Structure formats: C-alpha cells, structure tokens
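All of these numbers come straight from a predicted model, not from anything done at the bench. Excluded from the calculations below are hydrogen atoms, water molecules and symmetry mates; all remaining heavy atoms, backbone and side chain alike, are included. Counting from 1, the numbers follow the sequence of the chain as shown.
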Amino acid sequence: MRTVAVVGASLAGLSAARSLRKQGYDGRLVVIGDELHRPYDRPPLSKEFLAGSLAEADLALEPDAEDLRAQWLLGVRAVGLDGPRRAVRLADGSEVRADGVVIATGAAARTLPGTDGLAGVHTLRTLDDARALRDELSLGGRLVVIGGGFIGAEVASTAYALGLDVTVVEAAPTPLAGPLGETMGKVVSALHADHGVRLLCGVGVKGLSGESRVEAVLLEDGRSVPADIVVVGVGARPCVEWLAGSGIELDDGVKCGADGRTSLAGVVAVGDCASWYDPRAGLHRRVEHWTGARERPDAAVTALLAGGAVEPSAPRPPYFWSDQYGVKIQFAGHAAGADSVTIEEGARDDRNVLAVYRRSGHPVAVLGMNQPRLFMRWRKQLAAAA
C-alpha cells in the first residue's frame, strides 16, 4: 500500500495511525479530522475538565516527541467515499485517494428536537461542547440533565460538586439498566439520591420552555422542572451518513467482521462508528468505550495490511469506567443475557460492591464500585475465559 487514509482524528483514528507505523507500514499516511483540534482525551470532559481541575493541554493524546510522519488534514469533514476508487471526498471539494482506508468517524451526541438556538441547552461530546458548558456551570444555578446514562450521571456529579442545584430526568424506570441490568442499575443510580440530587425516573421529556433562553424542562406527565442550564445526554448516533452510496454495509454503524473489515475490500472501521461481529455472542455490536477505541485498531490494521489473510482473534470483553460522586465504577463484559447477578464483596448501601454477572453459572460480566483490585482480577479472568 502506498497511501492509507484514516478518516477520524480522535482516539480510534490516532490508535490506528500508531498501529500502522508500529506494524511496519512506511507509506503515505493521511489523517482527516472534522475538528480543528489535535487528538484529545474525551473521558475527562465530563469530569475533571468540566470541573476546572484539568487544563486543555492535559487532554492531549500525543506526547511532544511523537512523530507518526502523517499528513494531518484537520478542520475538514469527510462527505463521501467513492468505494471502487477508495477516494475520500472532503467538504472543501478536494479528495484523498488511498489504497487503504480506516473509518474512525466516531459518533455524535443526539439532540432534543426543537432546541436549536435556545441558549443554555448543551450536549457534551467535544472539547468545544465542554468549553461552553464549563463556562455556564461556573455561573451556578439550576441544572437539569436529560438522560441518566453515564455521561449524564458524570455531568450531574460534577455540577453537584460545583454547588449547582441538580435534577436528572430519565425516561426509563431504572437508569443504567441497559449496560448494567436493572438490579445494579438501581444500586449505581442511587448515588444521585445519596448526594441530594433529584432523580426523576419513568417519565419522558415533552419539550423545553423559554423564548431566547431555556427556563424549564416540560415533562410528559405535565410537570415542569425549572432550569437555568440543560444538558441533553440521550446517547449518540454513529457518524456514517457520509458513507451512503459507498458500497459499505451499514447497520447501526459500519458493519464489520470480527477484525474490523467492512464489506468493501481495503476498508476497515474502528471506534464508536464500527459495529464489529462478536463471535461469542453471534451478533454485531458497537462498543462505545475508550478501551475499544484504543485496543481494536491493532486488529483492524493487521487485517488491512494482510488483506484479511490473518485469522482474527476474539476481541477482549469490553471495559469501561465512570467516576461519580467520588465513587470509581468499573465494568467489563456484557450484562445482556446474564441470568443472575450476585454481590460477592462489599455492601450495596455503602456503594463499594463487587458484583458478578453469570449465564448458566458462567461469569459473563463484572461490576466494581470502589473495588479496583478485586475488579481487575475478575476482569483478567473474563478475558482469559473469552
């Protein structure tokens, strides 16, 4: 291959670029990113950076001495892919032709319809999002977080520590029931009540009120929750619209094999936009976690450079973490499909538990709350079993 284009300049794209060089690729390397920023770390955006305890320079993912010998095209968006020619079309009218393409365009935060132009309403996905929200939170007031997932919970925790009056609205009966299951979702989401943060569950949002600036969140049951600031944390959608008509199969992201290969030869996908096949579960799924964006590009690059001649190994069970109200939450594996969950260490009321999820008696996932050592032992066991 003479030229490889990496489309996406966040962690997954950077990891792919690094892996290309590490695996001996010495040709032309082009990295394309729609943000003007060099690659930066996203997890701190909802925590330390939002709280003001971490500076922008601390988010940098590239050490000063690193040189990937890459051509960086930042601040320009990919708008199309000519599959047969493997040509990436850019918003400025130019194109990058390549022998191999790594798709790493990530995901974008979902928004609330009808909120465009209404001041005080935020999503949190990018550095620019975090800058704008941090400036508003510094003024204090009443914050309503729509969505009780991990991003919403982390923002609520950070805002609580900053002294804001915080309410979390979650449409599902139990927050975090999707990734953690109902039993442990209740335990983790109880952290809100532990710290005086209001949690309203089982009710959807009808809309927002306010003329030029948000004044309240209107709930579907008729209630109105006053708000000076609103954060919408209702998930993310994979950024794959630009691939329409490319010949690449799409299904809740870029549909890939177990090694990241797409339906188009010479093209692989990694990160939040990639729906990899999981041979253990027999289905495709997107893994929207830091570790997936860091680890999986190695396998995808191997497949790209070898033309699929290398048999893929099963990816490690997904792992993610979250920091909320001073509690370290760690999770590995898949809660879906587990038929039991048991607390094997600690007490749920103290929020220091180690819980193991099993299917037919076999561990399939583990959750730790302030149990880092025991959790890591279980995580290694899961990986070995996989």
J.: Identify which one of Glu345, Met184, Glu344 satisfies the side chain to side chain contact (heavy atoms under 4.5 Å, CB included) criterion when paired with Val353.
T.: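 That would be Met184.
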J.: So how far is it from Asp99 CG to Thr3 OG1, rounded to the nearest 0.5 Å?
T.: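 If we round to the nearest 0.5 Å, Asp99:CG and Thr3:OG1 are 5.5 Å apart.
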J.: Taking only residues two or more places apart in sequence or in another chain, which ones pass side chain to side chain donor-acceptor pair (under 3.5 Å) with Ser46?
T.: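 Partners of Ser46 by the side chain to side chain donor-acceptor pair (under 3.5 Å) criterion, ordered by chain and then number, come out as Glu154.
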J.: Decide whether Glu295 and Thr291 meet the rule of one side-chain donor and one side-chain acceptor closer than 3.5 Å.
T.: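 The answer is no; no qualifying pair exists.
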J.: Please confirm whether Arg286 makes a cation-pi placement over Trp276, using NZ or CZ under 6.0 Å from the six-membered ring centre and within 45° of the ring normal.
T.: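 No; the conditions do not both hold, so Arg286 does not lie above the ring face of Trp276.
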J.: Has Arg134 got more than 12 heavy atoms of other residues, nucleotides or ligands less than 6.0 Å from its CZ?
T.: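 For Arg134, atom CZ is crowded (more than 12 foreign heavy atoms under 6.0 Å).
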J.: Working to the nearest 0.5 Å, report the span between CG of Asp298 and CZ of Arg18.
T.: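 Rounded to the nearest 0.5 Å, the CG-CZ separation comes to 11.0 Å.
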J.: Less than 4.0 Å between a side-chain N and a carboxylate O, is that true for Asp272 and Arg125?
T.: yes
J.: Can Thr262 and Glu249 be counted as having a side-chain donor-acceptor contact under 3.5 angstrom?
T.: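 Distance-only check fails for Thr262 and Glu249.
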J.: Is Asp228 salt-bridged to Arg142, going by a charged N under 4.0 Å from an acidic O?
T.: yes
J.: Which pairs with one or both residues in residues 200-213 pass side-chain hydrogen bond (donor to acceptor under 3.5 Å, both in side chains), sequence neighbours excluded?
T.: Glu136-Arg213
J.: Can Ser94 and Asp92 be counted as having a side-chain donor-acceptor contact under 3.5 angstrom?
T.: yes
J.: Is there a donor in the side chain of Tyr325 and an acceptor in the side chain of His192, or the other way round, less than 3.5 Å apart?
T.: yes
J.: How about Phe150 and Phe331: are their ring centres within less than 6.0 Å of each other?
T.: no
J.: Can you tell me how far CZ of Arg198 sits from OG1 of Thr167, rounded to the nearest 0.5 angstrom?
T.: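 Reported to 0.5 Å precision, the distance equals 3.5 Å.
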J.: Do you see a donor-acceptor pair shorter than 3.5 Å between the side chains of Ser275 and Arg285?
T.: no
